[in-house]
Amino acid sequence: MNIRPRRLRKNPIIRELIAETRLSKDMFVYPHFVVGGKGVKEPINAMPGIHHFSVDELLKDVEIGMKLGINKVLLFGVGEEKSEDASTSYDSNSIVSLAVSALKEKFVNDLYIITDVCVCAYTTHGHCGIVHDSYVDNDKSVEVLAKMALAHAKAGADMIAPSDMMDGRVGAIRQTLDDSGFENTAIMSYTIKFASAYYGPFREAADSAPEFGDRKSYQMDFRNKREAMKEAELDELEGADILMIKPALAYLDVISELRQQTNLPVACYNVSGEYSMVKAAAEKGLIDEQKIVMENMYAFSRAGADIIITYHIREILEKGWL
Ligand code: PBG
Ligand code: ZN
């Protein structure tokens, strides 16, 4: 037998030479949870290592992150006054808008700011849209989402990331941004977002759990991959610049399929539940955290993700795991 694949595994030098998948810090986006007040840096119980930051503390944390090489952040607003119509979500003084302007003032164009656009943290019932007769009304929700996106763009956001899964929201947001002179504000759509139990820890962090029912009438059924490709096709036609899949770990097949079906950049979101499971197992000494985290990151990239959104990136760079 003269075909011996092991020849190319002999030592680290040859293994590095033939590695098919490589990671770069430029592929990663780091999420942040922003709250009101001053001097707040509160650990989030469900997500070890992640905090709620008030804007002043956020500026410090982002500065540290930038020194490590994190120059792309995804912002979530937490703790705003909640209402049926989610009106605080598009207030020009919303926590997110204030955070965006403060970050832009301090870091100008050295930092790329992405904002999550969804109303679940702003509605009394915790659904991702406006509720009418116990049903999330699509078109009314889209109107509010477009206003929220515009508010973030006005504050200086570089990219808008709608995470609600209403039909037609990408097109409506694109139109609203264009009509208001924000044709250069990009859209990364949470295109294929499955109704998933992996968002559990996040809902504690964002105080955004639905009070009745679940999100299955708008988020996707995780059994469906063809329907996922349909969602992606629609978002592409509506003008999305980047297509995101979420969660990531249990959906590598979907990442792989989408990478083959679109010419747009594909992002994956390594969500809170995926993060917290690794952290919890590591705290118990059940796994080698560094090895597990990096195996997961390579898996996302190998599956076809061009962009990885993960709570792990801070620690990965701090500890030099990359
Ligand atoms: C809000 C939103 C969620 C996440 C991102 N944006 C939660 C949800 O849809 O319930 C999840 C992020 C994570 O779990 O890390 N629509
Ligand atoms: Zn939501």
Side-chain angles (χ1 to χ4, degrees), residues 27-34 43-52 70 72-78 114-118 120-121 126-128 159 161-165 188-210 214-216 218-225 228 231-232 242-256 258 266-283 287 289 292-316:
M27 305 165 66
F28 291 90
V29 176
Y30 190 51
H32 277 286
F33 298 96
V34 198
I44 296 169
N45 282 337
M47 302 174 67
I50 305 298
H51 299 81
H52 284 129
I70 302 170
K72 294 164 291 295
V73 292
L74 171 61
L75 303 182
F76 294 93
V78 184
I114 311 169
T115 60
D116 182 271
V117 162
C118 190
C120 48
H127 276 289
C128 302
M159 183 180 276
S163 68
D164 52 283
M165 288 299 279
M188 172 165 65
S189 175
Y190 288 71
T191 293
I192 304 172
K193 180 173 178 180
F194 293 101
S196 168
Y198 283 103
Y199 310 146
F202 173 96
R203 290 182 189 167
E204 182 190 318
D207 184 24
S208 66
D214 51 39
R215 302 210 199 288
K216 290 184 181 168
Y218 39 103
Q219 296 181 351
M220 270 200 56
D221 188 322
F222 51 69
R223 295 172 294 187
N224 297 352
K225 188 152 75 172
E231 282 286 359
I242 297 177
L243 301 176
M244 188 217 294
I245 293 163
K246 158 182 187 205
L249 263 185
Y251 300 92
L252 296 176
D253 58 324
V254 183
I255 296 174
S256 169
L258 183 63
V266 170
C268 71
Y269 195 145
N270 177 213
V271 299
S272 58
E274 301 173 310
Y275 172 81
S276 297
M277 288 196 312
V278 170
K279 293 306 263 187
E283 273 173 18
I287 55 166
E289 185 174 2
I292 292 277
V293 167
M294 296 316 293
E295 193 169 327
N296 288 349
M297 299 303 134
Y298 277 106
F300 301 143
S301 178
R302 189 194 60 239
D306 308 292
I307 299 164
I308 302 170
I309 303 166
T310 182
Y311 304 99
H312 289 292
I313 189 57
R314 175 76 178 266
E315 198 170 9
I316 290 175

Taking 4.0 angstrom as the limit, do Asp221 and Lys216 come out as a salt bridge? no

I'd like to know if the side chain of Tyr190 pairs up with that of Asp164 as donor and acceptor (distance under 3.5 Å, no hydrogens or angles considered). no

Tell me the closest heavy-atom pair linking Glu274 and Pro247, and the distance in Å. OE2-CB, 3.8 Å

Minimal non-hydrogen separation, Leu252 against Phe300, with atom names: CD2-CD2, 3.8 Å

Where is the tightest heavy-atom contact between Ser272 and Met47, given as atom of each residue plus distance? CB-CE, 3.7 Å

Taking everything shown except Tyr198 itself, do over 12 heavy atoms lie less than 6.0 Å from its OH? no

How far apart are the C-alpha atoms of Ile192 and Lys246, what are their side-chain angles, what is the distance that settles it, and do they pass the side chain to side chain contact (heavy atoms under 4.5 Å, CB included) test? CA-CA 6 Å; Ile192 304 172; Lys246 158 182 187 205; over 6 Å; no

Ala121 versus Ala206, closest heavy-atom pair with distance: CB-O, 3.7 Å

Quick one: NE2 on His52 to CD1 on Ile50, what's the gap to the nearest 0.5 Å? 10.5 Å

Is Met244 close to Cys268 at the side-chain level, that is, under 4.5 Å between some pair of heavy atoms? no

Side chain to side chain contact (heavy atoms under 4.5 Å, CB included) assessment of Leu249 paired with Asn296: CA-CA 7 Å; Leu249 263 185; Asn296 288 349; 3.7 Å; yes

Taking the side chain as every heavy atom from C-beta outward, state whether Phe76 and Ser208 have any atom pair closer than 4.5 Å. no

Below 4.5 Å, heavy atoms only, C-beta onward: do Lys193 and Tyr199 meet side chain to side chain? yes

Would you mind checking if Arg302 and Glu295 are paired as a salt bridge, meaning a charged N to carboxylate O distance below 4.0 Å? no

Counting N and O atoms only, with roles assigned by atom type, does the side chain of Ser276 sit under 3.5 Å from a partner on the main chain of Ala46, one being a donor and the other an acceptor? yes

Just verifying a value: how many Å separate Met188 CE and Asp116 CG, rounded to the nearest 0.5 Å? 9.0 Å

Could you grab the distance from atom CZ of Phe28 to atom CD1 of Ile313, nearest 0.5 Å is fine? 4.5 Å

Salt bridge or not for Glu289 and Lys279, using N-O below 4.0 Å? yes

Is the shortest heavy-atom distance from the side chain of Met27 to the side chain of Ile307 under 4.5 Å? no

More than 12 heavy atoms of other residues, nucleotides or ligands under 6.0 Å from CZ of Phe222: is that the case? no

Distance check, rounded to the nearest 0.5 Å: Ile114 atom CD1 versus Ile309 atom CD1? 6.5 Å

With a 4.5 Å limit on heavy-atom distance, are the side chains of His32 and Leu74 in contact? no

Between Phe33 and Tyr311, what is the ring plane arrangement, given parallel below 30°, perpendicular above 60°, and tilted in between? parallel

Using a 4.5 Å cut-off on heavy atoms from C-beta on, say whether the side chain of Val271 contacts that of Ser196. no

So which atom in Ile287 and which in Ala282 form the shortest heavy-atom distance, rounded to 0.1 Å? CG1-N, 3.7 Å

Does the side chain of Val266 come within less than 4.5 Å of Ile245's, by heavy atoms? yes

I'd like to know whether Val29 forms a side chain to side chain contact (heavy atoms under 4.5 Å, CB included) with Ile308, so could you lay out the CA-CA distance, the side-chain angles of the two residues, the decisive distance to 0.1 Å, and finally the verdict. CA-CA 6 Å; Val29 176; Ile308 302 170; over 6 Å; no

Quick one: does Arg215's side chain get under 4.5 Å of Cys120's, heavy atoms only? yes

Can you measure from OH (Tyr251) to CG (Leu258) and round to the nearest 0.5 angstrom? 15.0 Å

Could you tell me the separation between the CD1 atom of Ile255 and the CG atom of Asp306, rounded to the nearest 0.5 Å? 10.0 Å

Between Pro31 and Thr310, what is the shortest heavy-atom contact and its length? CD-O, 3.6 Å

Look at the rings of Tyr275 and His312 and say which category their plane angle falls in: under 30° parallel, 30 to 60° tilted, over 60° perpendicular. tilted

